[in-house]
Number of protein chains: 2
Amino acid sequence: MKVSATEEHGLRCLMRLAIAWKAGESVTIPEVARCEGMSPPYAAKLVAMLRRADLVRSVRGVKGGVGLSRAPESITLTQAMSALAGSPVRTGPCMGPEGVRCDRQGTCGLRGVWDRVTTVVTGVLDGVTLADLVANGRSEAGGGDSRSGVAAPARWSSEPRA
Amino acid sequence: MKVSATEEHGLRCLMRLAIAWKAGESVTIPEVARCEGMSPPYAAKLVAMLRRADLVRSVRGVKGGVGLSRAPESITLTQAMSALAGSPVRTGPCMGPEGVRCDRQGTCGLRGVWDRVTTVVTGVLDGVTLADLVANGRSEAGGGDSRSGVAAPARWSSEPRA
DNA sequence: ACGAATCTTGACAAAACTGTAAAGATTGCC
DNA sequence: GGCAATCTTTACAGTTTTGTCAAGATTCGT
């Protein structure tokens with residue numbers, strides 16, 4: 001199993017936007033790119049995927065920029081990974097919607113295994129929010145359910161840029 | 001996250017070898033390929049990877065063939081996936097042995113998340129053996145710890161082919 | 001109205017992954 | 001010894017994934 005480059009880089013963009021949200025600032029795509037060490041066009045592409053999933057909101061024009069569409073506390077990694085890869089865990093050619101070939105009686109116990117893997121991974125990912133990821137100091141790899149305070153001040157739509 | 005085609009197809013080869021083990025038979029690579037619906041050269045490549053990890057034993061020559069190197073009850077999916085992909089779960093460019101870029105204070109909570117994902121996935125994969133995968137009927141997606149009987153009769157090295 | 005800053009989109013090149021092919025090595029049988 | 005069956009290895013083409021590029025669209029300030 002592998003977490004793709006797109007997933008990891010997309011998550012980093014989201015983390016940067018979560019930091020900006022907490023600081024009450026707005027950022028541009030080139031800024032995100034510079035902070036995360038990637039090229040502006042690449043960051044733009046990733047942010048576009050996240051925007052199509054409604055995780056990110058963008059404003060065009062000279063005072064424009066990008067930001068989370070809601071509080072980082074309310075965005076889970078399951079949602080983020082789904083936006084970046086279609087589904088948090090994808091299985092090989094034998095499974096999937098059209099999973100034919102698996103009909104052979106008794107010879108394909110793989111499906112049950114992948115289902116269980118999907119369940120436990122989703123469980124972990126559901127328990128982590130963007131706010132957890134950017135929480136400095138300890139507990140960044142901690143318990144899981146740390147949906148604490150900071151109840152989403154409507155920053156973005158009102159004051160697009162500092 | 002995605003399970004690769006190599007992992008899935010390699011696992012299917014192993015399942016076929018586990019079936020042959022239980023039946024007390026020896027098989028050739030073309031037979032494995034036919035049973036699992038892949039080309040003989042592809043099956044050969046996958047079996048070679050598994051052999052290098054000592055999960056599979058092979059005998060060349062006219063009476064040759066391939067088989068598991070030990071009982072299917074004693075081969076876990078963690079071991080199989082490691083043989084096929086280096087590690088049961090691989091993370092992106094930001095992590096890994098040389099995982100530089102993650103040193104930025106507080107901005108990289110991803111490491112802890114991937115560690116936890118690795119832990120839970122490995123937990124599931126450790127609890128499933130090749131014997132579980134080829135056990136017909138129910139419990140193929142069941143509890144996990146079903147290391148029942150069949151204590152590895154030394155079939156392979158003694159009688160290479162039926 | 002014009003121009004600069006910014007996001008949006010689609011096409012494209014580079015890299016990694018999948019699967020195929022061909023030549024080589026080993027063994028058993030005659 | 002020679003032939004056929006079988007595994008082994010390396011090289012290769014096809015496909016998907018990654019990341020870049022360029023042209024277009026939108027907004028703000030003047």
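Bear in mind that the values here come from a model prediction, so they are computed numbers and not experimental data. Chain letters run A, B, ... following the sequence lines, proteins first, then strands; residues in each count from 1.
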Quick one: B/Arg12 CZ to C/dG19 P, roughly how many Å, whole number?
-> 13 Å

In chain order, what residues pass the side chain to side chain donor-acceptor pair (under 3.5 Å) check against A/Ser4, with sequence neighbours excluded?
-> A/Glu7

note: B/Leu46, atom CG; D/dT8, atom P; distance rounded to Å ~ 13 Å

Whole angstrom is fine here: how far is it from CD in A/Glu7 over to C1' in D/dT18?
-> 13 Å

Spacing between A/Ile29 atom CD1 and C/dT9 atom P, to the nearest angstrom = 11 Å

Phosphate OP1/OP2 of D/dT18 contacted by A/Ser4 side-chain N/O (<4.0 Å) = yes

Which residue pairs pass the ring-ring contact (aromatic ring centres under 6.0 Å, His included) test with at least one member in residues 35-89 of chain B, sequence neighbours excluded?
-> B/His9-B/Tyr42

Between the protein and nucleotides 19-21 of chain D, list every N/O to N/O distance that falls short of 3.5 Å.
from, atom 1, to, atom 2, distance (Å)
D/dG19, OP2, A/His9, ND1, 3.3
D/dG19, OP2, A/Tyr42, OH, 2.2
D/dG19, N7, A/Lys45, NZ, 2.8
D/dG19, O6, A/Lys45, NZ, 2.9
D/dT20, OP2, A/Ser39, OG, 2.3

Mark up nucleotides 23-30 of chain C, 5' to 3', with B wherever a protein heavy atom is under 4.0 angstrom from a base atom, S wherever such an atom reaches only the sugar-phosphate, and - elsewhere.
-> -BSBBSS-

For the pair made of CE in A/Met1 and P in C/dC17, what is the distance, rounded to whole Å?
-> 16 Å

Going by number, which of residues 82-90 of chain A have a non-hydrogen atom under 4.0 Å from DNA chain C?
-> none

Test item: B/Gln79 side-chain N/O and B/Thr76 main-chain N/O as donor-acceptor pair under 3.5 Å = yes

Heavy-atom donor-acceptor pair, B/Asp126 side chain to B/Gly123 backbone, under 3.5 Å = no

Are B/Thr118 and B/Asp115 linked by a side-chain donor-acceptor pair shorter than 3.5 Å?
-> no

Is the shortest heavy-atom distance from the side chain of A/Ile75 to the side chain of A/Arg70 under 4.5 Å?
-> yes

Between the axis at one end of the helix from C/dA1-D/dT30 to C/dC30-D/dG1 and the axis at the other (five pairs apiece), what's the angle to 10 degrees?
-> 0°

Check whether any side-chain nitrogen or oxygen of A/Lys2 sits under 4.0 Å from OP1 or OP2 of C/dC17, and answer yes or no.
-> yes

With a 3.5 Å cut-off and no angle check, do the side chains of B/Ser69 and B/Asp54 form a donor-acceptor pair?
-> no

Roughly, in whole Å, what's the span from CG in A/Leu50 to C1' in C/dT8?
-> 15 Å

To the nearest Å, how far apart are A/Met49 CE and C/dT8 P?
-> 14 Å

